[in-house]
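Okay, structure first, notes after.
Chain naming here is simple, since letters A, B, ... match the order of the sequence lines and numbering starts at 1 in each.
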2 protein chains.
Amino acid sequence: MTSSLGAGLARRGVAPDCVQTIELVRDVLARVGDKWTLLTITALTPGPLRFTALHEHVAGISQRMLSQTLRALTRDGLVTRSAYPQVPPRVEYALTPLGRSMSEAVDELVRWVRDHQRDITRNRDEFDQASTAKTTNPPYA
Amino acid sequence: MTSSLGAGLARRGVAPDCVQTIELVRDVLARVGDKWTLLTITALTPGPLRFTALHEHVAGISQRMLSQTLRALTRDGLVTRSAYPQVPPRVEYALTPLGRSMSEAVDELVRWVRDHQRDITRNRDEFDQASTAKTTNPPYA
DNA sequence: CAGTATCCGACCTGATACTG
DNA sequence: CAGTATCAGGTCGGATACTG
């Protein structure tokens, strides 16, 4: 079996710490899957950046979302926030070793998606076409 | 560099198909990170299951959400839906080879999370404590 | 510069009820 | 059995305006 999640995670009555794990997994997965995290991490991969620089690199993000995303990443220890007491203020964000480590793990998945991109989009097209078709001409009819 | 996303994805002016890739990546990541997908896939890993069986295996899911999750997975070609024309109706869901393939890729990430679980929760605790502390006793003060 | 505060619409989710 | 329809509550994200 493929599952490092353990057999029967979805069953009722799994061990509490296993449940805790699955929740954290979903949590991390959800974070990396949210609208801006992946882009932000990618922007930080070459090296540290200041808030404004990030704001420019991650096209389309608002200050609010960037700030929020960075705080979440910092909280998890994936990114460091270094504030230098200057006027005007200067704050640099950088990936931590943990952050890079995760980034690499995520990259596996990124690679998978890239390798199977065609399959997925084709499947979607077929599905959508079939769904549309059934209104005018049901399959198997 | 670690990035199979390519350098500068977050920059303006990246190649269109690269943008398409990143969007699909986020899309897949978001799906796998949503509340029920991982649990559903895990439930299907041992073998095919009927709708009601899934509903029982994935504790806490509503019919609505299960139906929605399954449709999304089916659309992407990760799961097959086989309806047998009987009374009462019988519908079986199963992972496709593509679905298993993705499940394995995801498992890498799952393993990573499990391996770094302690780090993350510790980081969070420290961060939260520091945040709370600053109200009563600012750090570095 | 590096954020925070506020408002607001869109979307996601769960609960409940109904159907082929 | 295997769903869909509908509604209410909460959350997410963007736009805008303001601050140390």
Can you measure [X] atom [atom1] to [N] atom [atom2] for me and round it to whole angstrom units?
X: A:Leu66; N: C:dA2; atom1: CG; atom2: C1'; value: 10 Å
X: B:Phe51; N: D:dA2; atom1: CZ; atom2: P; value: 8 Å
X: A:Asp34; N: D:dG14; atom1: CG; atom2: P; value: 10 Å
X: A:Leu49; N: C:dC1; atom1: CG; atom2: P; value: 15 Å
X: A:Met65; N: C:dT6; atom1: CE; atom2: C1'; value: 13 Å
X: B:Ile61; N: D:dG3; atom1: CD1; atom2: P; value: 12 Å
X: B:Arg90; N: D:dA2; atom1: CZ; atom2: P; value: 9 Å
X: B:Gln86; N: D:dC1; atom1: CD; atom2: P; value: 13 Å

> Thinking salt bridges, do A:Arg122 and A:Asp119 make one under a 4.0 Å N-O criterion?
Replying inline: yes
> Quick one: do A:Glu92 and A:Arg90 make a salt bridge, cutoff under 4.0 Å?
Replying inline: yes
Looking at [X], I'd like to know whether one of its side-chain N or O atoms comes within less than 4.0 Å of OP1 or OP2 on [N].
X: B:Ser67; N: D:dT4; result: yes
X: B:Ser62; N: C:dA15; result: no
X: A:Arg50; N: C:dA2; result: yes
X: B:Arg71; N: D:dT4; result: yes
X: B:Tyr93; N: D:dC1; result: no

> Can you find a pair of side-chain heavy atoms, one from B:Val106 and one from B:Met102, that are under 4.5 Å apart?
Replying inline: yes
> Does a side-chain heavy-atom distance below 4.5 Å link A:Ser82 with A:Tyr93?
Replying inline: no
> Toward the 5' end of DNA chain D, which comes first, A:Trp36 or A:Gln63, by nearest nucleotide?
Replying inline: A:Trp36
>> Is it the case that the side chain of B:Thr37 and the backbone of B:Asp34 share a donor-acceptor pair, with hydrogens and angles ignored and the cut-off at 3.5 Å?
In response: no
>> For D:dG13, does the base pair up with any side-chain atom of A:Arg64 as donor and acceptor (N or O, under 3.5 Å, distance only)?
In response: yes
>> Please classify the nucleic acid contact of B:Tyr84 as base, sugar-phosphate, or nothing, using heavy-atom distances under 4.0 Å.
In response: nothing
> Where the side chain of A:Arg81 is defined as all heavy atoms beyond and including C-beta, which of D:dG13, C:dA2, D:dA2 is the nearest nucleotide?
Replying inline: C:dA2
>> Strictly by Watson-Crick or wobble contacts shorter than 3.5 Å, is anything paired with C:dC7, and which nucleotide is it?
In response: D:dG14
>> Partner lookup for C:dT13, please. Criteria are Watson-Crick or G-U wobble with both distances under 3.5 angstrom; report none if nothing qualifies.
In response: D:dA8
